There are 2 protein chains.
Amino acid sequence: MAKDKVNIYDVAAKAEVGIGTVSRVLNNSPKVKTETRTKVLEVIKELNYRPNKLAQNLASQKANAIGIIVPTFIDHFFVEVLKGIQAALEAEKIDLILYKIDKDQAMLDKILDIVHSKKVDGIVAVTMDIGEEDYQQLLAEEIPIVLADEKNDDFHSIYLNDLKGAEMAIQYLLAQGHQKIAFINGVQTSQHGIRRLKGVKNILAKNDLVLEPELLKFGDFKTESGYKLMLEILDLPQANWPTAVFAASDNQAIGILEALKEKNIKVPAEIAVVGYDNIELAEYLKITTVWQPMYKLGYLSIEVLLKAIRGELNNFYQTELELKLIKRETA
Amino acid sequence: MAKDKVNIYDVAAKAEVGIGTVSRVLNNSPKVKTETRTKVLEVIKELNYRPNKLAQNLASQKANAIGIIVPTFIDHFFVEVLKGIQAALEAEKIDLILYKIDKDQAMLDKILDIVHSKKVDGIVAVTMDIGEEDYQQLLAEEIPIVLADEKNDDFHSIYLNDLKGAEMAIQYLLAQGHQKIAFINGVQTSQHGIRRLKGVKNILAKNDLVLEPELLKFGDFKTESGYKLMLEILDLPQANWPTAVFAASDNQAIGILEALKEKNIKVPAEIAVVGYDNIELAEYLKITTVWQPMYKLGYLSIEVLLKAIRGELNNFYQTELELKLIKRETA
DNA sequence: CTGTTAGCGCTTTCAG
DNA sequence: CTGAAAGCGCTAACAG
């Protein structure tokens, strides 16, 4: 009646071999006589034995798992990335542990806990954006880490060019004849936001235009924020209204569209809107947007991480993924 | 230079105590002199020591992690459920391991691997829908399992009443004056699909109506399937067209809407559409649909699982979550 | 209150 | 090719 407690010793005993041998067949070691292997395998079936991975991992010093660290759980962006991650992991027999670490917490400390926990062989940190000194500390750790959506020469990193993305959007708007453009940005301290803002200003400057202070807003990349900030802009005297709005995320663009609809303002006739990300919703809502290859970001991150774990990488892998402007009906 | 290899012995040595004491402060055991604790804590900081959780887990026989088993990764339904799961887990210091198990695989075998792996203290299986005999086998295992979106008296289970949901939808359509209704279902073998079909037929029969065989389609709950199946229906002589279509998922409803748009058929004037799930997109696309509380499903699943793990549950927890019809613009 | 000593269940030399 | 033994790093009695 030793129900579930069957372990490697039970198998060894019943198969009349040593536990070493059982371990070998478990790990497909080639140096086991076929006959012996068959017998052990038989007993394993009989006993419905399945190894305790905790013990396996501790003994072998590898976790057979990877960790994904995300700042805010399951928003559209991460869902896409996760899909790519899952796809890349499909074939492997590697577990996926999801860690959510809030931006405002002691991120580094939590990450170090994970690193030292030995529960994962490697980590993909998505849009982490921690400070430079924190990165330095992380460098001291020997575990493979890939930064997704973050450029950093001291790590494997796969990123998107925010500057270029913003430039594409503004360039397009300019080409459509817009001169007075508003930019509804995300979190003010976000590196992504900062770089996108720079891109906006760059192109504007190149065309002898400026971004009016009253047409630059900071929020948090979410729908609600787009809605509120757009309303603020519409509170300005109508003469000051922009003819186009560039949003730092599609979620914000959606909020902007709602605000516009509420005020009965025609899009794009009266005010054009360009989003950022190309989340699935953007397609359904026909939002013109800057496409970020999030799925690919996830997929590639895992590929790189697995290579790094296997020691197949000699240098830090660096790749900038291409962005694309997707023209639809809002601009 | 023993960089990262600092373990409990190093801490014990430097703090001039036994490893037992270190372990005790690690686990907040009350029976440690404050003075000693302080000293140990100091050394821990100094050495930047963080426990190896693999070892902790093996020794303590608990994983401090739970596993989520999903059939198809990250679709709208699961994303919502995951949000709930994450929210419920927020406060706990419990890891979340995501397992994807394809429907067509040897599901039970994979689940048993997970169970015996000892990497998780409990499991939430979402929309698993394995056979009765498989459930029986699972019963033999001592690990807490909660079935989310699946009713089964032998497990903790939190579910939605498919029959009722389908009935609500059809009832509503009937009230709107529709007599000729089509049902675009999901996978033919899905218990959810089967029950929803039953609900549809129930209400129809109660009103002396029948579901025309040509107006009953089976697909796979995805957008593409809704699109294709609707097109098939529109291939029928126009006299045979339904005046309303009920879809087994919002994803399918979206596909249906696309097909209708392509054929320039007005919704709901010419053909009304009712979806199922109330995914986020449904809101933006103004789809009338049956709301399933997916977030709550996830949240509650974790609450129940945690209680089960802590041994606070004496019986199998059973709850049916309420559905709601959300009237919007497609019907 | 604290040190010591067994394990937890497996992997991995090391002999043979 | 295979058995025995030494850990992996920590928890949990058990003495004291």
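The sequence lines fix the lettering, A, B, ..., with proteins before strands; numbering per chain opens at 1. Every value quoted in this text rests on a predicted model; they were computed, and no experiment measured them.
Nucleotide dT4(C) holds its P atom 13 Å from the CD1 atom of I8(B), rounded to whole Å. When rounded to the nearest whole Å, the span between NZ of K33(A) and C1' of dT2(D) equals 9 Å. Put simply, NZ on K118(B) is 8 Å from P on dG9(C), counting in whole angstrom units. Atom NZ of K53(A) and atom C1' of dT11(C) are 16 Å apart (whole Å). Following rounding to the nearest Å, N57(A) (CG) and dC10(D) (C1') show an atom-to-atom distance of 15 Å. Rounded to whole Å, atom P of dT13(C) lies 15 Å from atom CD1 of I19(A). Between R24(B) atom CZ and dA15(D) atom C1' the separation is 11 Å, expressed in whole Å. N7(A) has its CG atom 12 Å from the C1' atom of dG7(C), to the nearest Å.
E150(A) CD to T127(A) OG1: the interatomic distance, rounded to the nearest 0.5 Å, is 7.0 Å.
Ring geometry, F155(B) versus F316(B): the interplanar angle falls from 30° to 60°, so the pair is classed tilted.
Across the interface with DNA chain C, nearest-nucleotide mapping of V22(A) and Y9(B) shows Y9(B) to be the residue nearer the 5′ end.
Comparing atom distances between the T21(B) side chain and each of dT2(C), dC8(C), dT11(C) picks out dT2(C) as nearest. Nearest nucleotide to the side chain of A59(A), out of dT2(C), dT2(D), dG7(D): dG7(D). Among the nucleotides dG9(C), dT12(C), dT2(C), the one closest to any side-chain atom of A55(A) is dG9(C). Comparing atom distances between the S23(A) side chain and each of dA12(D), dT12(C), dG9(D) picks out dT12(C) as nearest. Comparing dA12(D), dG9(C), dC10(D) by their nearest atom to the side chain of S60(B) picks out dA12(D).
Summarising the geometry of I85(A) relative to G298(A), their closest heavy-atom pair is CG1-O, 3.6 Å, with the distance given to 0.1 Å.
For E35(A), the CD atom sits in a loose shell: 12 or fewer heavy atoms of surrounding residues, nucleotides or ligands are nearer than 6.0 Å. More than 12 heavy atoms of other residues, nucleotides or ligands lie within 6.0 Å of CD in E132(B), so this atom counts as buried by the packing criterion.
When heavy atoms are screened at a 4.0 angstrom cut-off, N27(A) is found touching the sugar-phosphate backbone but no base atom. Heavy atoms of V17(A) sit under 4.0 angstrom from primed sugar atoms or phosphate atoms, though from no base atom.
Within the structure, a side-chain polar atom (N or O) of Q56(A) is placed less than 4.0 Å from OP1 or OP2 of dT11(C). In terms of phosphate contacts, Q61(A) brings no side-chain nitrogen or oxygen within less than 4.0 Å of OP1 or OP2 of dT12(C).
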